[in-house]
Structures are given as C-alpha cells and as structure tokens.
Amino acid sequence: MAEKIVSLKNVCMYFGGIRAIDDIDFEVEKGRVFGIIGPNGAGKTTIFNVITGVYIPTSGEIYFHDNLLNKLMPHTIIDKGIARTFQNIRLFEDQTVLDNLKIAHFSHTRYGLADVFLNSSRYKEEEQRIEEESIKILNFLNLADLMNKKAGALPYGEQRRVEIARALCCKPEVLLLDEPAAGMNPAEINDLNQLILKIREQFNLTILVIEHQMRLVMEICEEILVLNFGKKLAIGTPNELKNNPAVLEAYLGKTN
Amino acid sequence: MTKKNYSTGKNEFLWQLAILLAITLTLIALKEMRLVSTSFLLILQYIGIYAILTLGINIVNGYLGVFSLAHAGFMAIGAYVSAYLSKYFFTDITMFAVSIMAGAIAALLVGILVAIPSFKTKGDYLAIITLGFSLIVQSLLQNARFVGASKGLNNIPKFTNIYWVFGCLLFAVFITNRFVRSKYGRSMQAIREDETASNLVSVDVRKIKTIAFALSAFLIGISGALIGHLLGYTSPSAYGFVNIVDGLVMVYLGGTGSIVGSIFGSAAWQLIVQLLKQLDTWRWVVGGILLIFVMVFLPKGVFGNMELDDLFRIIKEKINRKEPGRGIRNG
Amino acid sequence: MNINIIIQQVINFLQLGSIYALCALSFTMVYGVARLVNFAHGSIFGVSMYVLFFASTFLFERIKSPWFVYVIVLIIASVVTSLIALLLESAAYKPLKNAPKIAVVVSSVGAGMAIQYLILNLAGSKALRMPALIPNLRIELAGIPVPLYKIMVIVIAILTMVILNVIIKGTRLGVAMRAVSQDRIAAGFMGIDTGRVVSASFVFGAVIASVAASLYGTAYSIFAYDVGEGIIWWSFIAAVLGGIGSISGAVLGGYIIGAISIIAPILLPVSSYKDIVAFAVLIIVLLVKPTGLMGKKDIEKI
C-alpha cells in the first residue's frame, strides 16, 4: 500500500445556499499524477482552494500526510509542501520573471531583519542561494532567457510555465496545477505532458491537475476524480472511467 | 549574465563613502561658511525632514500599496514623545538621539497595532480606519492636559540642525534601501500586485504588513521628532487633515515605490510651498490644482517605481535605440 | 432627566441623523456608481452652503414668501454644485479612467483642497450666519414646545430619501444606475450609456448635498469655509459604517453617527471624545464585518 499524501474526508464548501463542493472524499497516493475533471462550475478549483487554505471548508477534514490543514493560513500550508498555479494566471506582472521566483522562496529564506540592515554574510549567502536556485529552475523549464523580462510582458504560454516555475520555488511535495493546458494547441499539450512528467521525476512530486483537455488527462493521469455539481461522480483510472455510464452521461448528455 | 544586486561590491562601497563625504562637506560648507542664507538653510531642513516622512509613507502607500492615512498620527506620536522627553528628562543635546529614538520607537509600536486592521480590510475601508486613527490621536492630544491640550508643547529645546536632519535622512535612506531590496521588500511589492497570490506562494502577508507598518511608523516618528525640535513647539493642529494631504502630495508627486522619488517629492513640494508663500492661502488652491495636474499627466508620480539607476538605464536605452534611426535619416 | 429633555434630545438626534444620512447618501451614490471615494464632496457641500447663503440673503430682501425663496435658492445651489461636480468629473476624474485607482483618490483630494481654499479666498474665513431658510414657528406637542423648523428638517430629509428611493427603484435612470453599480462592463454591453449614468450620479450627489446643506444651514446656521470638511467626514464615516455603496446602509450609518454625536457628549466628560467613540465604533464594525453593516461581501474569484 503506497503512502497517502493528500486526503480529503467528507469535505463540504457552501457559499450561502450554493454547494460549491459537497461531501468530497478522496486520497492521493504519493508520486501520482492525479486528475480532477468535470464540467464548468463542478467545484474543481474550489477543491484546490480548500486544500490551499483560500477557503475554510464548511465541514470535513483535509490532511497532508498526517497534518490537518483546515484553518491554517495559506502561507503555512504552502510552507508545509503544497504549491499551486492558477486558472487565471496570477503572476506579479510588474516584477521580473526572476523576482517572481525569488518571491516564492519567502518561507525558506533564512534571514531576519537584522541580517538585512547589517548586510550580514548570511543575508548575502541566502540571497545568492535563492537566486541560483531560481535560475536553476528557470533553466530546467527553458525560461532562463526571460528572467529579466517583466512577467506581464510575456506571451500566455510562457506565463503559464513561469507560474509552474514559481510554484516549484516553494519547494513543494505536492503541486496543484489548475488548467495548465487552457488555450494550448495539441502540439503544446504534448510538450506540457512531457514537462509535467519531467518535473514530477526531477522534483519528486505528487501532482494534482485540473483539466478540460482530455488528451492531457487521459495520457498522463494515473487516477482521475470526476466531479459534477460539486459532488463526486466517480474515481478511477482513465480506462475505468472511459466505460463508466455515469461519467458518459455527465459529459455526453443522457444516453439511451 | 544576471545583475547581482544582492552583494555590495567594494567599488560600490567606495562610491557610497564618497557620496557621504561629499554631502557632509557640502553641509559644512553651507552651514559654517554661511554660503546660503539662514532661511534657505531652514528650507533645506524642511526638505530633509519631509523626505524622511515621505519615505516612511512610501513604504506603506507605495511599496506595500495600501492607501493609509495614518501618517499624521505617527508623526504626532514621534513629535510629542521626543519633545516631552527632551523637555523634561533629556534636556542636554547629547541625549537628543535618545529622544528621537524613543519617539520613533513609540510610533513603531503603535504602527504594529495600526497594521492589524489591514489584515482584514482594504481599499477605501482601510483608508477611513487609518484616517480615524490619525484623527483619534489628534483628538486625544487636544484633550490631554499634561501635553498642553490644544495649545500643545512649547519651549521644546531647538536641537534640530542641518547635521541631525541629513544624518537622519541618510539613515532613513539606508534602512529603506536595504529593506526594499530584501525578501521583505520583494514581498511587499508582491502583495501590492496580488495579495492572494502572494499568500499562495508562501509569503506571510500579515507579517510583512506588520513589519511594513512598523518601519513606516518608525521613520515617520523620526520626522516628527525632528520637526518638533526644529520649530521649538508642537500642537495638535499640526497633525490634521491638511497635514495628511501634505504627506500624500509629496509621495504621489515624487512617485510611489521609489526612494529618489520620495526625496524629489519632498524637495519639489517644499520649494513649491515656499514659492507660493506670497500667495498665502491661495497656495492651497494652486497646490490642489497642481495635484490634479500631476495625477492626470503623471499618474505614477515623477519617479513611480523607479530609482536613479532605472532612469539612467531607460535614458541609455532610448539613446541607443535612437542611433540607428539617425543613421537612416542621414543616409 | 425629565421627559421634556428626552424628547428634545430625540428630536436633536433625528435632526442630526437625518442630515448625516442625507450626506452619506450623496456620498454613497457617487461611490456606488462611479466607484470613487470623492474626497472633494465636502467642498461641494461647502460651495452649496455659500451659494445658499448669498442667494437667500439677496432674495429675502426682495421676496416676502419664505417657502418660495427656499425652493429657489435650493434650485440655484443644486445647479451650481451640479456644474462644479460635472466639471470635476471631466477635468479630474475622467482622464484618470485607466490610471491606478489611487490616482483618482489623490486627484479628488486635490480638487477638494482647491475648492475649499477657493471659498476661503473668495468669501473670507469669517463665520457666517445662514438666514432662516425654513420659517420658524413654535408648536406644542402635548404641552412640550417643539421648534417647527427641526421637524421640517427631519421631514424634508426623509422626503428626499423617499423620492430618491422611488427614482432608483422606479425610473429608467435608476435602473441603469443600479445596473452600472453592479457591473459596469456588463451594463455597457446591455446598451446603457455608462458615461452618462456616472455623470448623472455626480449630479445626484451634488443635488442631495445641496438639500443636506440647506437643512444643515437651517439647523445650525453658523458656518465657515471649512464647514464641508467636518460634516462630510462624518457622513463619509456613516457611509462606510453602513457599507459604502449601499443606500440603506448610508441611511442606517447616518442615524448611528447622529445617535453617537448626541448621546456620547451626555455620557462622557469631554464632548470631543465623541469623535473617538464614533471612530472606535467604526473600527470595531469594520474589523468584525469588513464591508460595513449592510455591505455585500465580495468573494474573490481565484
């Protein structure tokens, strides 16, 4: 039995009368690429939001390893080893690509205010370390040429990759990707698939990915959660889901 | 290759030393050799003091991107605490630094408290809370008899001179410069752009906001301490709405998120105020209209998010870009 | 405390609360539609006071019917302040449509300062006494003397709120205003001329401020060039307390601030502590409910 790294137990998130997610239950094994699919408004991003502490779930429990995450502040959760990207890219557009990455090193930069004002050797070493680490990650994602460009000035596809690079700077064990293939053509999706598998390998990650692009989901996800109207519709391997009548109904409409 | 802005090279250190020396010599020349009139020397001191104030405001309003109106309150605390101490306890000029520090630290402690509302509220709501803070401080001082109620404190020893002012300004520039280039400064600017995203890339938003407010209040406290000891008196009426606006004008005129902008904003506004002095109360009319003009034509201020080296770089790029164009025109 | 004083104080509270509520309404109208905290609004209130003063002083010498004069000066003040508000909008706010939000706020601060000191320079710093705009009769309610003008202030304020409510709920312009305040871009797609609706909100703000000024002048009569600063600050606070952009919130906030202003001096040793109490209430409310009492919570979409 493999180790469970993220588990949700009966998690509900209500906004007034709207049940964004309702009684969601699942576990993710360490090292997996775990897909979350479902129609618009099914509650996919809400799952990422409750995991990362943006919302406090109305009820239920969320565990990372054995740590209960409910009610922790987002930065504490990120610090524990979960990082994410956003459906609508949220880079710091006025900052350079390199600074975007440096910002994400915040929680594990080990110097204090005194080091800053005294220009201590620890300050210099740490600044040098995070710059080198950032550049290493940029190199890995073929983004090093762009590091002094303003993030907001980059084309869409590159912004997506910078966002992944920035998330990697948080040194996560689990990476949450929110629609990384949105707006990409088939060739780009192929590249992205390779990239996702490559970073899992390189950084020893578990990856949760929300996606509409079936090619991405079917090719690289080892397990998939299907949501509909905030409820869990099915969970299983891509092959199992292909023949699941409930999933087909949700996606293709009622079949006779 | 990347620009290594984290290490201060030996060259850079020597440069800084040279600039420091130049400023010191200039000040000595100005003051001791009486190269300029005393009234101009006084204006220079105002510029220096308000530059410290502007730097302090800029940390929260510029770098952190929170529209705060708390500066009048911080300035009042810095001025009153330091003035009270040097009037009754540290009556010797050798203890002036202690008074300044005490005023600044008192402001800093209050600044930590004022940061708390910024955790939950933002925008216009936070503006009104911080305004409330400033007006509460003013109101409390108006009713506090042990500091002279609405008459304020008089006969404060006039310890402030141009050396103290520029010494403190250099200190403030040094602190701010180091701070904004560190992880704290980067995080402040990240929060300004997208607070939620910052929090989700591990930035402890509350901690950063607290530190930013504290540092901002500290610097503003210093400026308050200096102004009280320059004028020899301080009263609640100096920390009202007009003074809040005064501070904002300097920040937004000079440019948010910029050290050189803060100094420029202070210098420009103080000189304008002096020039408009003959206009008496008309200067506020002119000043107000000027403020609209600056915002319409330079919404980010003169040095918005720019330092001198950025400016030089942009100018250099412009010149480089122009050269091939000139060649074509000639040929 | 005897019943007589209590009734007097209740009337004082209703009077002040009504004036604050109206001012908060005028503030919130502009905010709700134009998404702008108009720091110049206090100065517009100030202009209104001076126009009312000069116009009524002039007319009272020539026309004997006080109610007629009241209506005329109110119209004059409304027109003048509307024009100033529109001028401000086109000169100081519209050019900043694409600038950072803060630039507009700073610009409005500048505009407010310029107008306030323009008043000072043109009309002097001396305090003036507003002529009795609303004729003062004393009536007796169950043996207790009640000055009629105080009742009229309350009645006119409430009447204005009712009319405003009808306009916003029932007319095409009102519907368009509500649409723009909810989603400006979508409203534009529905064929609403959003620019004109925003301008209309500035006019509304100015007219309501003028009505409020006439009531303030009637109630307190003495004023100076900085009259707008104080009253509008408190109504701004009232609007924020109630939830800025919310009409019912502004009215509620106005009466709460009115109540604090009347009750606090009775209970506290120093009357100016009422400012501290009001601000403390505001800060506590905002810490518990960051969007004010009636403000809608914005859920950030991620």
Side-chain angles (χ1 to χ4, degrees), chain B residues 61-62 65 67 116-117 119-129 131-140 142-143 150 195-197 200 240-242 244-246 248-249 251-253 256 279-301 304, chain C residues 31 35-37 39-40 43 88 91-96 98-118 120-121 125 225-226 229 233 236-237 239-241 244 269-270 272-276 278-280 282-283 286-292 295 300 302:
Chain B
N61 292 45
F67 188 59
I116 295 171
F119 298 165
K120 270 189 156 183
T121 57
K122 52 182 82 165
D124 314 322
Y125 292 97
L126 192 61
I128 195 86
I129 290 181
L131 174 74
F133 162 75
S134 281
L135 298 185
I136 284 178
V137 169
Q138 192 189 24
S139 188
L140 284 173
Q142 268 161 356
N143 292 301
S150 55
E195 186 169 334
T196 312
L200 287 167
F241 185 63
V242 174
I244 292 177
V245 174
D246 227 25
L248 291 182
V249 173
V251 171
Y252 293 98
L253 178 70
T256 51
L279 296 180
D280 196 27
T281 45
W282 280 98
R283 72 180 150 144
W284 296 109
V285 181
V286 178
I289 293 169
L290 202 69
L291 202 55
I292 300 174
F293 267 93
V294 171
M295 285 301 116
V296 170
F297 294 106
L298 285 166
K300 281 181 161 178
Chain C
Y31 180 87
R35 295 281 139 189
L36 159 73
V37 178
F39 280 84
S43 302
L88 278 186
Y93 306 149
K94 255 193 200 149
L96 287 165
N98 301 318
K101 205 182 150 205
I102 211 80
V104 194
V105 175
V106 176
S107 183
S108 79
V109 169
M113 203 161 81
I115 296 174
Q116 181 173 324
Y117 282 90
L118 198 62
L120 170 71
N121 287 308
S125 60
Y225 74 100
D226 57 354
E229 209 177 282
W233 276 122
F236 180 26
I237 289 158
V240 174
L241 183 65
I244 194 161
V270 182
S272 63
Y273 282 165
K274 75 173 198 294
D275 307 359
I276 298 173
F279 269 115
L282 175 77
I283 291 171
L286 289 188
L287 286 180
V288 176
K289 199 163 179 298
T291 49
E300 192 186 6
I302 291 174

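As the structure is a computational prediction, the values presented were derived from the model and not from experiment. Each chain gets a letter, A, B and so on, in the order its sequence line appears, and its residues count up from 1.
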> Using a cut-off of under 4.5 Å for heavy-atom pairs, which of C:L287, C:V105, C:I115, C:L282 has the most such pairs with chain B?
Replying inline: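 The candidate making the most pairs under 4.5 Å is C:L287.
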
>> Which one wins on heavy-atom pair count under 4.5 Å against chain B: C:L120, C:I244, C:I237?
In response: C:I244

>> What part of B:Y252 gets within 4.5 angstrom of chain C, counting heavy atoms only: side chain, backbone, both, or neither?
In response: side chain

> Between C:L118 and B:V285, what is the shortest heavy-atom contact and its length?
Replying inline: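 Heavy atoms only, the tightest pair is N-CG2, 3.4 Å.
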
>> So which atom in C:L96 and which in B:M295 form the shortest heavy-atom distance, rounded to 0.1 Å?
In response: CD2-O, 3.0 Å

> Should C:Y225 and C:N121 be marked as a side chain to side chain contact (heavy atoms under 4.5 Å, CB included) after you check the CA-CA gap, both sets of side-chain angles, and the distance that decides it?
Replying inline: CA-CA 9 Å; C:Y225 74 100; C:N121 287 308; over 6 Å; no

> Aromatic rings C:F39 and B:F241: how do their planes relate, parallel, tilted or perpendicular, breaks at 30° and 60°?
Replying inline: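 Rings of C:F39 and B:F241: parallel, as their planes differ by under 30°.
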
>> Quick check on the interface: out of B:V245, B:L290, B:L126, who has the most heavy-atom pairs with chain C under 4.5 Å?
In response: B:V245

>> At a heavy-atom distance under 4.5 Å, which candidate from B:V294, B:V242, B:L131, B:V286 has the highest pair count against chain C?
In response: B:L131

What part of [X] lies closer than 4.5 angstrom to a heavy atom of chain B: side chain, backbone, both or neither?
{"X": "C:V37", "result": "side chain"}
{"X": "C:V104", "result": "neither"}
{"X": "C:Y31", "result": "side chain"}
{"X": "C:A278", "result": "neither"}
{"X": "C:Q116", "result": "neither"}

> CZ of B:F119: more than 12 outside heavy atoms within 6.0 angstrom?
Replying inline: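 Yes, CZ of B:F119 has more than 12 neighbouring heavy atoms, counting only those of other groups under 6.0 Å.
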
> After noting the C-alpha distance and the side-chain angles of C:L241 and B:I128, does the key distance pass the side chain to side chain contact (heavy atoms under 4.5 Å, CB included) rule?
Replying inline: CA-CA 10 Å; C:L241 183 65; B:I128 195 86; over 6 Å; no

> Hey, what do you get for OH (C:Y93) to OG (C:S107), rounding to the nearest 0.5 Å?
Replying inline: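 Going from OH on C:Y93 over to OG on C:S107, the span is 6.5 Å.
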
